[in-house]
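Take a look at the structure below.
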Amino acid sequence: MIQSKSATANGEIVDAISSFLASPPAGTPAEVIAAFDAFGSKQHLPPKLFLETVEQAPVAISVTDTAAIILYVNSAFEQLTGYTREEVVGQNESVLSSRSTPITVYQDLWEAIKRQQVWRGTLINLKKDGEGYLAELVVSPVLDGQGKIAYFLAMHRDITELHQLERRLSFQKSLTEAALDAAPMVVAMITAERKVLLDNHAYKALLGDFRGAEPSELFLNALQQQIGFDLMSVCQAGEGFTNIEVRLDPPGSASPRWFSCSGVRVVEQDEAAQSYFRQPEQTRCCLLLIANEVTSSRRRVNDARLNMLRTSMAEQQMVQTMREAISAAIFKLQEPLNIIRAALAMPGIGSDQHGLRQALQHTLQSSDKAMDSLHAALPSPTAEQISIVNINEILHEVVRLSTEKLLASGLVLDWRPAAVLPPMNGRVNALRGLFKYLIDNAIQAVNQSRKDYREIRLQTRQENRDLVIEVMDNGPGIPGAIRLKVFEPFFCGWTRAGAHAGMGLTLAQEVALGHDGSVEIDADFCGGCCVLVRLPVNGTGGGGGYESG
Ligand code: FAD
């Protein structure tokens, strides 16, 4: 089968190939080694059998002298190049050159093999019919008994298709990436272990807006709070979801942002060799998260809502002021009336000859009537339904409602919401009222302090199953002696009471208690006042039957 010029040449080729195979260089195609292994010991194969093996190896093999003059080619070489061995034996390997491989590549090849090193690389070759192909080539020097280079052994295969596939893949990848980056929505591919495999420009922009907080975490947490979404189980077998609206609160004074989220389960292409025979059901999956920002439309709706809210809160405020004024009048009248009642009960007054007793009784009767009229005039509180509320959202609304006051006072508002807060059951109006009292108090406190730098800080966070809201101001603070007294009805500690009847903190506490929560003044806070509101996520939302008025 071998068409070598002579038996000597045949022997030389066997020697060349034997010494090459005695220690095949790293990178020798596995198919070649396997073919020889099938015949047993590589070193002791009979020459004929040995040549047959090389001859039938599925990779193009050629043996050259030290000047790259071809001495032998195998059958795969003939099939790949289209040249018969008679046509190439005696010619330089450059017969395959397309003249389009850069000269530096050849220089690199020759430098390596002359240093007795194996060279691996890619050349652009031409077949006999002129068709170009990409040759992945391994050239290995074969040494004689004196350690000098005697031959070169080359193995090459056509990787044109592979290269085309790679190029196509890389083009598809850049196309996908370009399309993803151009898309206005946030896109991220997330593994079951919450690792982001792929993202786009919109995702990266969000990373900046949220000061480095990983957006995937923000979305996953928000979805978990909102729909009980569990990434691991969705990746294992679950179904995706569509159009779930989530709210994310950026740090600082930036406005909240809303995203309509959809998630699709995608099979992860595991490239590891160990995964080659894995069944589809054993394959891992990822979540493709697509989040479309709907902040502007949501803001328009919210603005309209806020206007309605402003009107209804003004009405509520009026009713509340009236309630406070009447309650204060009842409270204040009660004291002299109690004195009159006590006086009438005294024995001396019973024998009164000058009509004092009569006058007191008359006063008492008309006062009681006045009290009845005052009680009747008290506006009745409105019962409010429990609903699912988001504390960040309520606080943000209250801040927006107080914008004018804040601006007029030249105050800096530091808004530090938890990026994601779980929703809770509560009475929206009552809670809104609670925070309005606290923020109004903070504004009044800072205004009284007359400091150059005036600041209010609003902070929300989750502590176990409680939502904690801190309203801090750098005003004069509340002295320890009256820290509890400020919650008493009609207690007013302001230097200028103005319209305050001293019911704000009483009502705030009532609302918090109605939600199984609490309001307290942080005793450790220095440099102003810090009011801590604690509301349980799973509170009954008004076990005491609180009614907002
Ligand atoms: P050349 O002048 O032959 O070579 C270009 C540069 O290579 C020179 O400037 C010089 O730097 C270096 N060079 C060439 N010959 C030598 C030498 N004898 N000693 C030191 N440096 C030298 N080429 C292919 O295009 N396709 C192949 O499939 C291919 N297979 C090869 C297999 C083997 C075993 C060997 C040893 C070489 C192979 N070559 C192959 C390289 C080939 O021999 C030529 O060097 C190459 O094709 C460039 O030929 P050229 O006539 O354009 O320029």
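Remember, it's 1-based here, ligands and their atoms both numbered in the order they're listed. Because the structure is a prediction, the values reported are computed rather than measured.
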When you measure from atom 47 (O) of ligand 1 to the protein, is at least one non-hydrogen atom found at a distance under 4.0 Å? yes
Verify the contact flag for atom 2 (O) of ligand 1, where contact means a protein heavy atom under 4.0 Å away. no
Students should be able to answer this: which protein heavy-atom is nearest to [atom], and at what distance?
atom: atom 8 (C) of ligand 1; value: I103 CD1, 4.6 Å
atom: atom 28 (O) of ligand 1; value: N125 ND2, 3.0 Å
atom: atom 51 (O) of ligand 1; value: R99 NH1, 3.2 Å
atom: atom 41 (C) of ligand 1; value: W110 NE1, 4.0 Å
atom: atom 37 (C) of ligand 1; value: A68 CB, 3.9 Å
atom: atom 6 (C) of ligand 1; value: Y106 CB, 3.9 Å
atom: atom 39 (N) of ligand 1; value: E93 CB, 3.7 Å

Would you please say whether a donor-acceptor pair under 3.5 Å links the side chains of [X] and [Y]?
X: S62; Y: E93; answer: yes
X: T460; Y: N392; answer: yes
X: E87; Y: T84; answer: yes
X: Y106; Y: E111; answer: no

Would you say T66 has any N or O atom under 3.5 Å from an N or O of ligand 1, going by distance alone? no
Taking both backbone and side-chain atoms of H156, is any N or O found less than 3.5 Å from an N or O belonging to ligand 1? no
More than 12 non-hydrogen atoms from neighbouring residues, nucleotides or ligands closer than 6.0 Å to [atom1] on [X], yes or no?
X: R167; atom1: CZ; result: no
X: I388; atom1: CD1; result: no
X: K204; atom1: NZ; result: yes

Looking at Y133, is K127 sitting on its ring face, NZ or CZ under 6.0 Å from the six-membered ring centre and within 45 degrees of the normal? yes
Give a yes/no verdict on whether any heavy atom in T101 is under 4.0 Å from an atom of ligand 1. no
